[in-house]
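Just below is one structure, and these are the notes that go with it.
We count residues from 1, following the sequence as given. Predicted, not measured: the structure shown is a model, and the values here were computed from it. Counting convention: from 1, in listed order, for ligands and their atoms alike. The figures here come from the full heavy-atom set of this structure, side chains too, leaving out hydrogens, waters and symmetry mates.
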Amino acid sequence: MTYRFLVTTTSLGQGGRQLLAEADCTVDYLDDANDVAEVERRMSSVAYDAVISRTVALNAKAINACPTLKIICKHGVGVTNIDVAAATERGIPVLTTPATNAQSVAELTLALMLNGARRLPFFQQEVTAGRWTRTGDGEELQGKTLGLVGFGEIGRRVARFARIIGMQVAFFDPAAPTDGDFDGAQRCETLEALLPLSDVLSLHCPVTPKTQLMINAERLTLLPPNATLINTARGELIDEDALFAALQSGQLRAAALDTVTHEPLAADHPFRALHNLIITPHIGGSTPQALDAVAQSAARQCLAFLDNQQINLSACVNPQVLNRS
Ligand SMILES: NC(=O)c1ccc[n+]([C@@H]2O[C@H](COP(=O)([O-])OP(=O)(O)OC[C@H]3O[C@@H](n4cnc5c(N)ncnc54)[C@H](O)[C@@H]3O)[C@@H](O)[C@H]2O)c1
């Protein structure tokens, strides 16, 4: 039995391509990785068995337009671009690829932290403009406290990096056991308890009704003066108007975002004018190593499901549909 796949971007890592080729699958790619209409068009005109979903929206219209669709796998772990409710309504499992890109995202988080602390984008701009500016207020991170919101695959890796450069680590994660071994990190009972400790606050939790807009104006005031905010998780976790105001007023020293609520960021978005904000275009998992591991995991899981083999239940975000079938 061969299957037809849609990958909602322009390519797939070698490991995944190879697995799908060995299984004799037909694989289609988008011409434009950001074109929602192209996804809808293809889903309504081709009998796909599986979709490997990258970052462009996979909305209810697309999901409902493809009656043959049996499985969706997110290329990564954050499923905010997928209408999971629509998939669930149709009895289609939505899988993720846990832990496959965590190292790359954790390394980017460390890079953003260090870049923010030493203001590297500012100095690079100065040198590019022909100047040799040596004044600046970069700072050491040693001795400061890193606060992590979410202590899963990525958060734990970031904690290890931070300890190596002499930072203390505290975290809030409602799923962490009260008596767990956290390798020296301090567990906080609530987000409100974590914020005043966090010279650098870094977000590593999924978007849920509880976490959406969790970093709002009121919570930003609970951070210490001169704090830095890092977000490599999802834009929806932050009230972006409140973040803009806190950066503009100097209440926050700096922020670094790998993700924003509406991607791609609008060309005239006010964030682009801020000098104390670093933005990268959602590249956390975009290393060849991570892309390969994610692609392999996504292809393997879709094939296992289509061939009625055992799948990793903890990778399914709507396991109720598995019980139903
Ligand atoms: N920038 C990128 O390219 C990129 C790539 C991969 C993942 N991500 C994002 O990073 C996030 C974390 O990924 P991960 O692999 O560590 O996932 P994970 O599932 O291993 O860890 C997430 C942790 O968040 C915790 N959590 C859930 N609700 C919470 C809440 N209300 N407050 C605090 N913590 C809460 C969970 O208990 C879990 O331990 C993902 O949700 C995804 O959105 C971004």
Side-chain angles (χ1 to χ4, degrees), residues 9 13 33 53-56 73-82 84 94-113 146-161 169-178 180 182 185-195 198 201-216 219 230-238 256-261 263-265 278-295 297-298 312-317 319:
T9 184
S53 169
R54 195 71 193 273
T55 51
V56 66
C73 187
K74 170 67 188 182
H75 187 283
V77 289
V79 294
T80 45
N81 68 309
I82 301 174
V84 176
V94 179
L95 305 179
T96 61
T97 59
T100 45
N101 56 14
Q103 181 68 19
S104 286
V105 181
E107 288 182 16
L108 179 74
T109 306
L110 178 67
L112 292 174
M113 240 161 68
L146 170 67
L148 298 167
V149 183
F151 203 60
E153 292 290 343
I154 298 171
R156 283 171 190 260
R157 281 172 169 83
V158 175
R160 282 200 293 274
F161 295 159
V169 179
F171 72 91
F172 166 62
D173 188 325
T178 43
F182 305 119
Q186 177 187 344
R187 178 182 178 279
C188 293
E189 281 290 335
T190 61
L191 183 58
E192 278 65 26
L194 176 73
L195 294 175
S198 304
L201 184 76
S202 190
L203 310 183
H204 302 287
C205 64
V207 177
T208 67
K210 276 200 177 139
T211 63
Q212 194 158 16
L213 300 178
M214 76 196 305
I215 304 301
N216 55 22
R219 284 184 168 140
I230 313 279
N231 186 11
T232 57
R234 281 294 180 271
E236 290 91 334
L237 298 173
I238 298 177
L257 312 175
D258 184 45
T259 161
V260 290
T261 303
E263 297 179 7
L265 186 72
I278 301 171
I279 303 190
T280 51
H282 206 145
I283 52 160
S286 299
T287 61
Q289 295 83 356
L291 291 170
D292 198 52
V294 175
S297 169
N312 173 8
L313 290 183
S314 64
C316 185
V317 300

Run the numbers for me: atoms of ligand 1, each under 4.0 Å from some heavy atom of [X], listed by number.
{"X": "R234", "value": "8 (N), 43 (O), 44 (C)"}
{"X": "V149", "value": "33 (C)"}
{"X": "H204", "value": "12 (C), 22 (C), 23 (C), 24 (O)"}
{"X": "H282", "value": "1 (N), 2 (C), 3 (O)"}
{"X": "F172", "value": "32 (N), 33 (C), 34 (N)"}
{"X": "G150", "value": "24 (O), 33 (C), 34 (N)"}
{"X": "N101", "value": "5 (C), 6 (C)"}
{"X": "A175", "value": "37 (O)"}

Under 3.5 Å donor-acceptor, [X] side chain and [Y] backbone:
{"X": "R219", "Y": "M214", "value": "yes"}
{"X": "S202", "Y": "L148", "value": "no"}
{"X": "R234", "Y": "T80", "value": "no"}
{"X": "T109", "Y": "V105", "value": "yes"}
{"X": "T259", "Y": "T232", "value": "no"}
{"X": "T9", "Y": "A33", "value": "no"}
{"X": "E263", "Y": "V260", "value": "yes"}
{"X": "S297", "Y": "V294", "value": "no"}
{"X": "D292", "Y": "A295", "value": "no"}

Which residue and non-hydrogen atom of the protein lie closest to [atom], and at what distance in Å?
{"atom": "atom 42 (C) of ligand 1", "answer": "V77 CG2, 3.8 Å"}
{"atom": "atom 37 (O) of ligand 1", "answer": "D173 OD1, 2.7 Å"}
{"atom": "atom 44 (C) of ligand 1", "answer": "T232 O, 3.1 Å"}
{"atom": "atom 21 (O) of ligand 1", "answer": "G152 CA, 3.3 Å"}
{"atom": "atom 5 (C) of ligand 1", "answer": "V105 CG2, 3.2 Å"}

Aromatic ring pairing F151/F171, orientation class (parallel under 30°, perpendicular over 60°, tilted between):
parallel
Any N or O of [X] closer than 3.5 Å to N or O of ligand 1:
{"X": "E153", "value": "yes"}
{"X": "D258", "value": "yes"}
{"X": "G285", "value": "yes"}

Heavy-atom distance to [atom]: which of [options] wins?
{"atom": "atom 13 (O) of ligand 1", "options": "T96, I154, T259, T190", "result": "I154"}
{"atom": "atom 9 (C) of ligand 1", "options": "A233, G235, A106, P206", "result": "A233"}
{"atom": "atom 28 (N) of ligand 1", "options": "L148, T100, T211", "result": "T211"}
{"atom": "atom 11 (C) of ligand 1", "options": "C188, G78, C205", "result": "C205"}

Is there a heavy atom of P174 sitting under 4.0 angstrom from any atom of ligand 1?
yes
Polar contact flag, side-chain donor to acceptor under 3.5 angstrom, T287-S104
yes
Non-hydrogen side-chain atoms of T211 and P206 separated by less than 4.5 Å:
no
Side chains of L110 and R157 in contact at under 4.5 Å (non-hydrogen atoms):
no
Under the 4.0 Å line, does any protein heavy atom show up next to atom 1 (N) of ligand 1?
yes
